[in-house]
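Comments concern the structure below.
Throughout, numbering of the chain's residues begins at 1 and tracks the sequence.
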Amino acid sequence: MRTILDLLQIPRFSDLILLTNPDYANLQVDSIEISETPDISFYIPEKTFLLTTAMIYREDQSKIFELIDSLQEKNAAGLGIKVGRFIDEIEQQVIDYANEKQFPIVQIPISIPLGSLLHQMLNLLWDKQTEQLNYALDIQRRFSNMLVNDVSIARFISDFGRLINTPVILVDPYQRVHAASKHFSKTTKPAEYYIDQLKLEDPNFVNKKEGSTLIKDLDQKTFLVSYFSVEPNHYFPHSLVILNPEKIPYPVSNFALEQAALVLSFMLYKNQKIQESYDVLKTDFLTRMIEIQQAPNQEPRDWLDSGATYGLVKARHYRIVYVACQQKEQHYSKIRYQEEVSQLGFNWLSDKLEHHIKDVTLFKVKDTAHYVILVQHKQENPENILTAVATDLFDRLEIQLRFGIGTIYDAIDDIAKSYIEAKTAFEEMQLLSTVPLTYQYQQKGMRSLFEKMGPSDITYFCEITLKDLAYPKEASLIELRKTLKYYLDFHCEIARTAKALFVHRNTIKYRIDQCNEIIGKNIHDSGVSLDLRLALELSEEDNL
């Protein structure tokens with residue numbers, strides 16, 4: 001980047017005189033133009049240094065005020081006025097007005113032709129831009145070779161920081177430091193300190209294409225940081241953060257930094273696709289294992305041997321946790337957003353759970369955005385760990401994870417059972433009025449067979465099966481019902497029933513005979529006995 005001040009410091013332009021405050025001459029110059037027309041601002045690009053003889057202003061230099069206003073509105077870099085041909089000198093009122101507007105005015109002597117000055121300045125600018133372009137392409141080629149040679153992200157950031165001679169940090173979508181240059185090994189504060197400072201000043205920086213802001217260093221002095229979006233993902237990009245970008249040596253340009261960010265995005269994308277290919281293989285293995293374990297009459301298989309590549313180990317406890325991400329409503333219809341959210345949740349759990357749960361491994365569920373966690377070895381209070389990890393992710397990205405937890409089994413051949421239970425728990429959790437983060441599978445008894453029946457249907461079944469013993473009011477019938485329940489619970493053993501009720505054996509025989517008469521069926525028949533058990537269970541709450 002060249003400024004008016006930079007140009008005036010070059011020896012060949014030593015005859016040019018800056019008439020206004022030097023602080024106003026730091027505007028970037030991208031082009032040089034010559035014109036004598038008052039409306040030239042409509043036809044020049046921004047950041048132009050305009051050269052003129054001020055011919056049309058020789059009678060009244062105060063009209064230059066309008067030219068200054070129009071050029072400043074166009075974001076021009078400055079105005080160069082040649083003296084000695086049409087005007088002998090630039091009046092003080094013009095200089096004062098330019099200072100008031102903080103717009104640089106340069107005096108050009110009569111000895112310098114404007115055409116020659118134009119070509120000299122343009123050649124200088126073009127040479128600089130060509131050099132910066134070539135350097136940026138060299139950086140692209142160098143880093144592209146690193147991409148081809150499968151260099152790690154950490155190595156890339158380290159080399160890039162050394163190349164531009166200033167600290168560099170790569171921040172992941174979770175706003176964590178993914179990699180940092182070697183500069184931080186020489187400081188008392190890690191790279192995370194500076195990212196925390198950046199988040200305080202600009203909490204949304206990871207979602208911006210590029211930008212810059214001031215943060216505080218260890219001595220509480222402000223300094224500049226710039227950041228560029230690195231986009232292997234569309235909705236959740238990485239960010240390349242550069243500290244003290246103004247100290248980057250020539251000829252590194254903004255374009256060179258953008259090229260580095262572009263190559264870095266390809267590297268991250270490549271790594272992401274490699275990981276996804278591996279995840280597909282894991283998914284296929286999980287799908288095949290569950291299908292085979294559910295099929296009848298299957299020969300035992302050595303799942304530990306075939307699944308060792310995917311993290312399966314020999315253990316005494318196996319449990320499946322079914323996981324899904326809750327989407328933001330405004331993005332429900334955006335498939336790409338849903339895919340990125342699911343991948344971020346999967347990566348987050350893969351990274352975090354291994355620090356809390358022994359021998360844990362994750363699988364994606366085929367044809368869904370869901371995944372499962374296979375917990376191997378007994379884990380106390382897994383709900384607490386899952387809740388803490390999910391809360392941390394939500395605080396960072398507002399992505400909500402929810403978990404259905406299956407039962408523990410002691411054999412790897414029963415993983416399919418735990419999977420079905422975990423998925424069932426997750427589906428039941430979604431029906432609750434207040435959906436929790438975790439939900440444990442509940443074993444279902446006989447009553448679950450009647451959950452979808454109406455109260456009248458259940459009452460009818462109980463009354464037709466138990467007759468007067470279904471909902472008794474008399475003390476004698478209540479006692480008979482109680483005896484029948486104990487008798488069936490003790491598998492029709494008279495002695496155990498008598499002992500439990502503290503009565504004589506003959507009393508039990510008498511009561512059971514009475515029950516047979518009331519019900520009108522042989523209660524020792526297996527089919528009748530099952531119906532009686534169901535009816536007693538379903539009508540029990542009405543007698544409490």
With a 4.5 Å heavy-atom cut-off, do P45 and T48 have their side chains touching?
-> yes
K364 side chain to Q343 side chain, donor-acceptor N/O pair below 3.5 angstrom = yes
Any side-chain heavy-atom pair of T391 and L437 under 4.5 Å | yes
Report the C-alpha separation of T283 and V365 in whole Å, then their side-chain angles, then the decisive distance to 0.1 Å, and conclude whether the side-chain contact (heavy atoms from CB on, under 4.5 Å) test is met.
-> CA-CA 6 Å; T283 298; V365 179; over 6 Å; no
Give, for atom CD of E354 and atom CG of D359, the distance between the pair rounded to the nearest 0.5 Å.
-> 11.0 Å
Give a yes or no on whether the backbone of G406 and the side-chain of R319 come within a donor-acceptor separation of less than 3.5 Å.
-> yes
Between H183 and G161, which heavy-atom pair has the shortest distance, and what is it?
-> CE1-O, 3.3 Å
Partner residues of E276 under the salt bridge (charged side-chain N to carboxylate O under 4.0 Å, His left out) criterion, sequence neighbours left out | K273
Measure the acute angle between the ring planes of Y97 and F65, then classify it against the limits of 30° and 60° as parallel, tilted or perpendicular.
-> parallel
Min side-chain heavy-atom separation L198-V241 under 4.5 Å = yes
Walk me through it: do R176 and D351 pass the test salt bridge (Lys or Arg N to Asp or Glu O under 4.0 Å)?
-> CA-CA 12 Å; R176 303 178 305 179; D351 178 46; 2.9 Å; yes
Do the non-hydrogen side-chain atoms of Y57 and V94 ever get within less than 4.5 Å of each other?
-> no
Main-chain N/O of V360 paired to Q376 side chain as donor or acceptor, under 3.5 Å | no
For this output row, return yes or no: ring centroids of Y337 and H234 closer than 6.0 angstrom.
-> no
Can you name the closest pair of heavy atoms from P203 and Q175 and give their distance?
-> O-NE2, 3.5 Å
Pairwise distance CE(M267) to CD1(I153) - rounded to 0.5 angstrom = 4.0 Å
Can you tell me if CD on E66 sees more than 12 non-hydrogen neighbours from other groups inside 6.0 Å?
-> no
Heavy-atom pair with the smallest gap, counting every atom of P113 and K82 | CA-NZ, 4.0 Å
Above 12 or not: heavy atoms from other molecules or residues under 6.0 Å from CD of Q92?
-> yes
Salt bridge (Lys or Arg N to Asp or Glu O under 4.0 Å) evaluation trace for D284 with R288 = CA-CA 6 Å; D284 291 341; R288 186 173 69 256; over 6 Å; no
Which word best sums up how the rings of F285 and Y310 line up, parallel for under 30°, tilted for 30 to 60°, or perpendicular for over 60°?
-> tilted
Specify the closest pair of heavy atoms between I56 and T37, including all atoms of both residues, with the distance to one decimal.
-> CD1-C, 4.4 Å
Kindly write out the residues that satisfy salt bridge (charged side-chain N to carboxylate O under 4.0 Å, His left out) with K209, not counting sequence neighbours, or none if the list is empty.
-> E231
Return yes if some donor-acceptor pair links the side-chain N/O of N381 with the main-chain N/O of E383 below 3.5 Å, else return no.
-> no
Check: N204/N207 side-chain N/O donor and acceptor closer than 3.5 Å | yes
What's the spacing between Q400 CD and C325 SG if we round to 0.5 Å?
-> 9.0 Å
Nearest-0.5 Å distance that lies between atom NE2 in H356 and atom NZ in K352 | 6.5 Å
Does the D15 side chain pair with the main chain of P109, one donor and one acceptor, at a distance under 3.5 Å?
-> no
Reported CD-to-OH distance for the pair E339 and Y235, which is rounded to 0.5 angstrom = 10.5 Å
Heavy-atom side-chain contact between F156 and V263 under 4.5 Å = yes
With distance as the sole test, does R402 use its side chain to make a donor-acceptor pair with the main-chain N or O of V435 at under 3.5 Å?
-> yes
Any idea which heavy atoms bring A77 and L27 closest together, and the distance?
-> O-CD1, 3.6 Å
When the ring planes of Y174 and W348 are compared, do they come out parallel, tilted or perpendicular, using 30° and 60° as the limits?
-> tilted
Which distance, rounded to the nearest 0.5 Å, do you find between the CD1 of I373 and the OG1 of T361?
-> 10.0 Å
Has the side chain of S226 got a donor or acceptor atom that lies under 3.5 Å from a matching backbone atom of P245?
-> no
Check the pair E36 / T53 against side chain to side chain donor-acceptor pair (under 3.5 Å), numbers first and verdict last.
-> CA-CA 7 Å; E36 302 296 344; T53 61; 2.7 Å; yes
Test side chain to side chain donor-acceptor pair (under 3.5 Å) applied to D202 - qualifying residues, sequence neighbours left out | K208, Y227
Does F236 offer a backbone N or O that forms a donor-acceptor pair with the side chain of E340 under 3.5 Å?
-> yes
Is the closest side-chain heavy-atom distance between L264 and L170 below 4.5 Å?
-> yes
Worked check of salt bridge (Lys or Arg N to Asp or Glu O under 4.0 Å) between D279 and K282 = CA-CA 5 Å; D279 291 338; K282 291 184 70 176; 5.3 Å; no
For the residue pair Y371 and F346, does the interplanar ring angle fall in the parallel (under 30°), tilted (30 to 60°) or perpendicular (over 60°) class?
-> perpendicular
Taking the side chain as every heavy atom from C-beta outward, state whether L349 and V323 have any pair of such atoms under 4.5 Å apart.
-> yes
Starting from the C-alpha separation in whole Å, work towards a yes-or-no answer on side-chain contact (heavy atoms from CB on, under 4.5 Å) for H238 and V171.
-> CA-CA 6 Å; H238 289 62; V171 180; over 6 Å; no
I would like to know whether L19 and V106 meet side-chain contact (heavy atoms from CB on, under 4.5 Å); could you show each step before the answer?
-> CA-CA 6 Å; L19 300 179; V106 176; over 6 Å; no
Carefully, step by step, assess I64 and L79 under the rule side-chain contact (heavy atoms from CB on, under 4.5 Å).
-> CA-CA 10 Å; I64 297 178; L79 176 64; 4.3 Å; yes
For residues D6 and T3, is any side-chain donor paired with an opposing acceptor at under 3.5 Å?
-> yes
Sub-4.5 Å side-chain heavy-atom contact between Y322 and Y439 | no
Is a side-chain donor or acceptor of T387 paired with a backbone partner of N384 at a separation under 3.5 angstrom?
-> no
Any idea which heavy atoms bring I105 and L18 closest together, and the distance?
-> O-CD1, 3.6 Å
Please answer whether the main-chain N or O of A54 pairs with a side-chain N or O of T52 as donor and acceptor at a distance below 3.5 Å.
-> yes
Main-chain N/O of S41 paired to S70 side chain as donor or acceptor, under 3.5 Å | no
